[in-house]
Amino acid sequence: MTDATQSDTAFRPKPSLPPPANTVGVVGWMRKNLFGGPVDTVLTLLGVYLLYVILDFVVDYGIVNAIWTADSYRECLDINKGEGACWAGIGVWFNSMMYGRYPDEEQWRINFGGIVLLLWLIPFWLPKVSGKIQVGISAVLTFPFLAASLFIGGDIGIFLHAMTAIALTLFVSVWLNVATCYLMGKSLPAVLISVTGFADKDDRLHKYVLLGAFGVGFVLALLYHLSWDLVEVPTTIWGGLFLTLVISGIGISSALPSGILLALGRRSKMPVIRVFCTAFIELFRSVPLITILFMAVTMMPLFLPVEFNPPKLAMVIVAVCIFAAAYMAETVRGGLQAVNKGQYEAAQAMGLNFWKMMALIVMPQALKLMIPNIVGSFMGLMKDTTLVSIIGLYDILLMGKAAGQNPTWLGFHTEPLLFTATIFFVLCFAMSKYSQHLERTIGGGYGRR
Amino acid sequence: MKKVSLLALGAGFLASLAFAPEPVLAQDSTLDIVKNRGMLRCQLGTPAPGFYSLSDDGKWSGFDVENCRAVSAAIFGDPDKIEYQSVTSAVRFTAMANGESDVLSRTTTWTLFRDTQLGLDFTTVNFYDGQGFMVTNELGVKGAMDLAGATVCVLTGTTTELNLTDYSRTNDLGMEPVVFEDSNVRDSTFFSGGCDAITNDKSSLASTRAKAPDQSIFTILPETISKEPLGPVVRQNDSQWNDIVMWSLFAMINAEELGLNSGNVDEMKANSTNPEVRRMLGVEGDLNKGLGLEPEWAYNIVKTVGNYAENYERHMGAKTVMNIPRAGSVNDLWTKGGLMYSPPFR
């Protein structure tokens, strides 16, 4: 048509036809992926049916027939005959499942401690802040003391007072550091030194300035902290998600450093250290966690003098830490072995000593390789903490079970389990996602394969 | 450094072994330990409705909890100076042996073996339980003898299961046990018709029934096929402590027999002329001496905890979900045909 009116000599391709209508768009996608052949079609229909059945049940149980306000399980049963969930119970038992038997009027202490920890860790993710390693180390080493004096309360003794004051000082300086980094573009120590006017003096003087500033902060914090007056809440009544997080938090944060030390010890050329580390790892790796917990909580007191009766929770935490360290050590050893021998030799050739070689050359490469495994053990440890319910600590799982044994809430057992499962899923999924993020950012050249 | 710490560790381990063979029991009496601590350590189990359960504000309550409250009231005059320990049944006796708990007050059956071979003493019985059967009404069963060939839901690995097979064999009933690991699964299977009958201690059957969507369609059969006397337990070889726990229970039973309760005990203490009431409440005599307690120990129990009947009605009675009738049962007073009997306060 138009071609005919133009020159006949030049070749002009016709404009390409659009693809057939049944290969594009939703229809095309469905033909290709869902109904590609008789087998695909049958499988798709089966899948749709299964999905329908499951969703139908979930919606019926969880939403349509669910009861949202009631004062007892009987009330729920009278309305829905057990056909739907009684979410009202989760509302009633929410505080118990979060804080265990921690007194209602003291629960703000847990929230406050949690907020402090979060705030402490935020500078970690702020791009402009300097001294991130110091932030991390200060949090790991001193936050537990702050948490202990906050959560236990009562007469805590001078040592804990001092440690808490150090923690408070460090916490405040972490945030002062953030402020100076963002407002003045300099780290807190640099600002302190320039303010005092000793900037051009030698390094020793700088150290004295910083120590002096820390001392002033410490005394202020100590005076402030001595004015705290908290009721004692014994660890025996801790419980719920709080207890789960305390046990797994301490276990997780201690696992990596102790695991690294044990792994290095196991590869050491010094026989005593090597034998000790190997024996430790093999002993605790060959026993189930529940056995270690039983040993710690039930058998240990038999060997100890009667007056020396450490709290159950302390024993449990020690047991969990030992267990986690033994597993982490083997993970770390795997990572160390994956690092090429040439890297060690190169580091030695450069004249680095053992610790520098490990810290600067080997560990950064090994840890990168180990991220999936490390996070895997962390998640495993977190889920394993529910075993403490067997030795009578009221973690979130046991607290949920206890709810269904209360005379008013008799029979209320499915909902707490679903609720607990959801919480564990959220926590573990978050960890997993964060580990993927870590792999992408610090995994650098390796990437996620 | 490492070598030194290894040596220290080894030495510590040897030292702990050296200490181990010595008896763990303290030389001090349990009463002294409890008084010094200012707290009674009371061992409960994982929650069992009626006997001990947690409320949503974190408080323990229940029939067995009252035993501990009575002991605490007897010692301190305050029923709440208690540190509750919730221990799984697998380690309940170990937790007594290693000194963790002062008194074990949790549905524990008094048997010869437990009383003699575990280093424990049973004080007395606060609840007579026994294994029974529960069926749906539409089955038309009037007694356990009608259950020939029936399928029976039961928890595995318990004495309940053994009692069931024994009973079935002796009476040639050919019952078929359907075993479960988890009581919630057992209960829901029974509710949905997975077995003809369910067997357990009768108090537990009552709480199972209380879970059912429709309670009225179930009946607990009259037969009791086992004896389960439940009561608090103390460590062996501390008679004074044994006496305190035992007589704290007797004080509640005797109070009911004498018509004392938490409401009228003040008035009775001031006005009663009954010599036994006066002796028991510490108005005259010195019955407290042998126990090492204050003269008003029994008064404090009745005043702050109540008598046996009050406790029963609070946790097991018709107004509770348990709804286990007491009148005429073994748990009634001996004067009314039951087994609850306190030696005289003299």
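Below, read A as the first sequence line, B as the second, and so on, with proteins coming before strands; counting in each chain starts at 1.
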Walk me through it: do Lys202(B) and Ile220(B) pass the test side chain to side chain contact (heavy atoms under 4.5 Å, CB included)? CA-CA 8 Å; Lys202(B) 282 186 167 178; Ile220(B) 298 176; 4.3 Å; yes
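- Atom CD of Glu232(A) has more than 12 neighbouring heavy atoms from other residues, nucleotides or ligands inside a 6.0 Å radius.
- For a residue to count as touching a neighbouring chain, one of its non-hydrogen atoms must lie under 4.5 Å from one of that chain's; by this rule Phe294(A) touches chain B with the side chain only.
- Note on Thr94(B), Thr320(B), Asn184(B), Val87(B): by heavy-atom pairs under 4.5 Å with chain A, the leading option is Asn184(B).
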Mind running side chain to side chain contact (heavy atoms under 4.5 Å, CB included) on Val103(B) and Cys68(B) for me, showing each step along the way? CA-CA 8 Å; Val103(B) 56; Cys68(B) 288; 4.0 Å; yes
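- Contacts between Glu83(B) and chain A at a heavy-atom distance below 4.5 Å involve the side chain alone, from C-beta outward.
- Ring pair Phe276(A)/Phe280(A) is tilted by interplanar angle, where 30° to 60° counts as tilted.
- Separation of the Phe242(A) and Phe151(A) ring centroids falls under the 6.0 Å cut-off.
- Both the backbone and the side chain of Leu410(A) come within less than 4.5 Å of a heavy atom of chain B.
- Side-chain atoms of Ser204(B) do not come within 3.5 Å of backbone N or O of Asn200(B) as any donor-acceptor pair.
- With a threshold of 4.5 angstrom between heavy atoms, Arg92(B) does not approach chain A through any atom at all.
- Contacts with chain A were tallied for Thr208(B), Val321(B), Asp57(B); Val321(B) has the most, counting heavy-atom pairs under 4.5 Å.
- The 12-atom threshold is not exceeded at CE of Met300(A), counting heavy atoms of other residues, nucleotides or ligands nearer than 6.0 Å.
- More than 12 heavy-atom neighbours from other residues, nucleotides or ligands sit within 6.0 angstrom of CD on Glu105(A).
- Within the 4.5 angstrom heavy-atom criterion, atoms from both the backbone and the side chain of Thr298(A) approach chain B.
- For Ser53(B) (side chain) and Pro49(B) (main-chain N/O), no donor-acceptor pair under 3.5 Å exists by modelled atom type.
- Residue pairs meeting the side chain to side chain donor-acceptor pair (under 3.5 Å) criterion with at least one member in residues 64-81 of chain A, sequence neighbours excluded, do not occur.
- Using a 4.5 Å cut-off between heavy atoms, Ala212(B) touches chain A through its backbone atoms (N, CA, C, O) alone.
- Residues of residues 393-409 of chain A that come within less than 4.5 angstrom of chain B, heavy atom to heavy atom, are Tyr394(A), Leu398(A), Met399(A), Ala402(A), Gln405(A), Asn406(A), Pro407(A) in numerical order.
- Annotation: maximal heavy-atom pairing with chain B below 4.5 Å, among Asp104(A), Ile390(A), Asn95(A), occurs at Ile390(A).
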